[in-house]
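Scroll down for the structure; my scribbles are underneath it.
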Amino acid sequence: MNQTKEKSRLLALDRQYQPLYDELVRKGTSTIVTEDGQYIIRWEERNYAHLCGWDFFRDKKKTIPGNRNDFYKKLKRGFPLESYVKPSSASRFYDNGVQDVLKRVKDKAGVLPEALRLESATTVVQSAKSAVLIFFGNTRWALGLGWDEESNRYYPKSLLALDVHDKKVKRAGSIGGRLSASDKFAHSPLLRFGNSRIVLC
């Protein structure tokens with residue numbers, strides 16, 4: 001596999017899906033309401049690179065970390081980023097000792113557009129990962145939230161191409177909350193982007 005060509009293909013997909021994230025950024029926030037409270041998610045340009053699985057650098061040797069807002073803007077403008085990105089450490093994958101550095105980036109690209117539309121999420125669970133507070137998603141994807149002290153809001157921290165009930169996603173012994181069926185609220189303002197409410201049964 002030619003990694004440069006594969007990077008180009010994956011970055012092109014990230015650019016293709018960028019308008020979905022643009023809409024979330026434009027609206028500002030979405031809200032998940034649970035029996036225990038609510039999670040207000042702040043959508044910002046700087047989080048997109050990590051959701052796609054990339055670390056971004058200012059130099060081609062990839063020694064100087066870049067501003068993730070710059071990644072977002074350059075991606076949108078069609079700037080050739082292949083020499084300035086590499087899979088984030090959390091995205092690196094080993095199969096029987098053989099590293100496929102782009103596998104999880106490919107997996108993320110496969111579920112990214114569905115995850116960014118939000119409506120197909122069915123479940124909220126407590127996270128099995130210490131750096132992530134909760135995940136929400138369905139049998140194909142799980143989007144994890146971190147906490148931003150500055151904005152006092154949650155933010156999108158992790159996207160996994162895994163069942164939200166997978167042991168790598170859901171904390172062992174925790175009980176997940178089921179989101180209302182999408183068809184029940186298909187025409188409801190509760191599922192709008194931006195300051196929307198994704199309501200638990």
Side-chain angles (χ1 to χ4, degrees), residues 1-26 28 41-117 127-137 140-151 153-162 166 168-169:
M1 178 183 67
N2 184 309
Q3 286 201 8
T4 300
K5 287 185 177 180
E6 186 64 1
K7 273 187 178 182
S8 297
R9 185 185 74 83
L10 292 168
L11 286 164
L13 288 175
D14 296 336
R15 185 177 299 112
Q16 177 183 332
Y17 305 145
Q18 204 168 13
L20 295 171
Y21 197 78
D22 274 339
E23 180 67 8
L24 293 172
V25 171
R26 187 178 71 81
I41 308 167
R42 170 72 65 186
W43 303 96
E44 295 182 305
E45 294 179 355
R46 62 180 177 172
N47 299 124
Y48 191 66
H50 191 69
L51 292 183
C52 296
W54 300 115
D55 283 338
F56 173 61
F57 297 86
R58 291 170 54 191
D59 61 320
K60 291 186 177 182
K61 291 184 178 181
K62 303 179 184 68
T63 59
I64 307 171
N67 184 309
R68 288 176 296 168
N69 286 328
D70 289 342
F71 169 89
Y72 196 82
K73 291 175 172 60
K74 289 182 176 183
L75 181 70
K76 183 178 287 189
R77 294 200 305 264
F79 183 87
L81 290 167
E82 292 79 2
S83 297
Y84 298 90
V85 297
K86 68 179 181 182
S88 62
S89 57
S91 298
R92 293 170 198 164
F93 177 83
Y94 290 85
D95 183 11
N96 295 323
V98 179
Q99 187 177 23
D100 179 353
V101 295
L102 292 175
K103 182 185 186 304
R104 286 191 176 146
V105 180
K106 288 183 279 189
D107 290 346
K108 289 173 187 284
V111 299
L112 183 62
E114 182 183 350
L116 293 181
R117 290 186 179 98
S127 171
K129 299 180 180 295
S130 60
V132 177
L133 298 175
I134 67 164
F135 278 98
F136 69 96
R140 284 177 29 84
W141 58 270
L143 202 158
L145 302 182
W147 177 256
D148 185 351
E149 296 286 351
E150 290 186 12
S151 66
R153 295 284 189 276
Y154 294 91
Y155 67 95
K157 184 177 179 66
S158 176
L159 175 63
L160 302 176
L162 292 171
D166 188 281
K168 295 179 182 178
V169 178

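Not measured: the values here are computed from a predicted model. The figures here come from the full heavy-atom set of this structure, side chains too, leaving out hydrogens, waters and symmetry mates.
- In this structure, Gln3 and Glu82 have side chains that are not in contact, with every pair of non-hydrogen atoms separated by 4.5 Å or more.
- Dense packing is recorded around NZ of Lys73, with more than 12 heavy atoms of other residues, nucleotides or ligands lying under 6.0 Å away.
- The side-chain heavy atoms of Phe57 and Ile64, taken from C-beta on, include no pair separated by under 4.5 Å.
- Under the rule for a ring-ring contact (aromatic ring centres under 6.0 Å, His included), the partners of Tyr48 that lie at least two apart in sequence or sit in another chain are Tyr21, Tyr72.
- The distance from atom CG of Asp70 to atom CD of Glu45, rounded to the nearest 0.5 Å, is 10.0 Å.
- Taking the six-membered ring for Trp and thresholds of 30 and 60 degrees, Tyr84 and Phe79 have ring planes inclined between 30 and 60 degrees apart.
- Residues Leu102 and Pro87 come closest through the heavy atom pair CD2-CG, 3.7 Å.
- Only one option out of Trp147, Trp43, Phe135 pairs with Tyr154 in a ring-ring contact (aromatic ring centres under 6.0 Å, His included); it is Trp147.
- Applying the side-chain hydrogen bond (donor to acceptor under 3.5 Å, both in side chains) test to Gln16 and every residue at least two apart in sequence or in another chain returns nothing.
- With values rounded to the nearest 0.5 angstrom, Arg104 atom CZ is found 8.0 Å from Asp107 atom CG.
- At least one side-chain heavy atom of His50 sits under 4.5 Å from a side-chain heavy atom of Ser88.
- When atom types are taken as modelled, the side chain of Lys60 and the backbone of Ser83 share no donor-acceptor pair closer than 3.5 angstrom.
- Every residue two or more places apart in sequence or in another chain was checked for a salt bridge (charged side-chain N to carboxylate O under 4.0 Å, His left out) with Lys74, and none qualifies.
- Summarising the geometry, atom CG belonging to Leu10 is positioned 11.0 Å from atom CG belonging to Leu112; distances are rounded to the nearest 0.5 Å.
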Q: List the steps and the verdict of side chain to side chain contact (heavy atoms under 4.5 Å, CB included) for Val85 and Phe56.
A: CA-CA 5 Å; Val85 297; Phe56 173 61; 4.1 Å; yes

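- Taking every heavy atom of both residues into account, Val132 and Gly144 meet most closely at CG1-CA, 3.6 Å.
- One finds the CD atom of Gln18 at 4.0 Å from the CG atom of Leu75 (value rounded to the nearest 0.5 Å).
- Leu133 CG to Leu145 CG: the interatomic distance, rounded to the nearest 0.5 Å, is 7.5 Å.
- With respect to the salt-bridge test (charged N to carboxylate O, under 4.0 angstrom), the residues Arg26 and Asp22 do not qualify.
- Residues Lys129 and Leu160 have side chains in contact (heavy-atom distance under 4.5 Å, counting atoms from C-beta outward).
- Between Trp54 and Asp14 the shortest side-chain heavy-atom distance falls below 4.5 Å.
- Taking the side chain as every heavy atom from C-beta outward, Lys108 and Leu51 never approach each other to under 4.5 Å.
- Residues Trp141 and Val169 form no side-chain contact, since every pair of their non-hydrogen atoms from C-beta on lies 4.5 Å or further apart.
- The CG atom of Leu81 sits 10.0 Å away from atom NZ of Lys7, with the distance rounded to the nearest 0.5 Å.
- The main-chain N or O of Asn47 is never found under 3.5 Å from a side-chain atom of Lys157 such that the two would form a donor-acceptor pair.
- Considering only heavy atoms from C-beta on, Asp148 stays 4.5 Å or farther from Arg42 through its side chain.
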Q) Taking it one step at a time, do Asn2 and Glu6 satisfy side chain to side chain contact (heavy atoms under 4.5 Å, CB included)? A) CA-CA 6 Å; Asn2 184 309; Glu6 186 64 1; over 6 Å; no

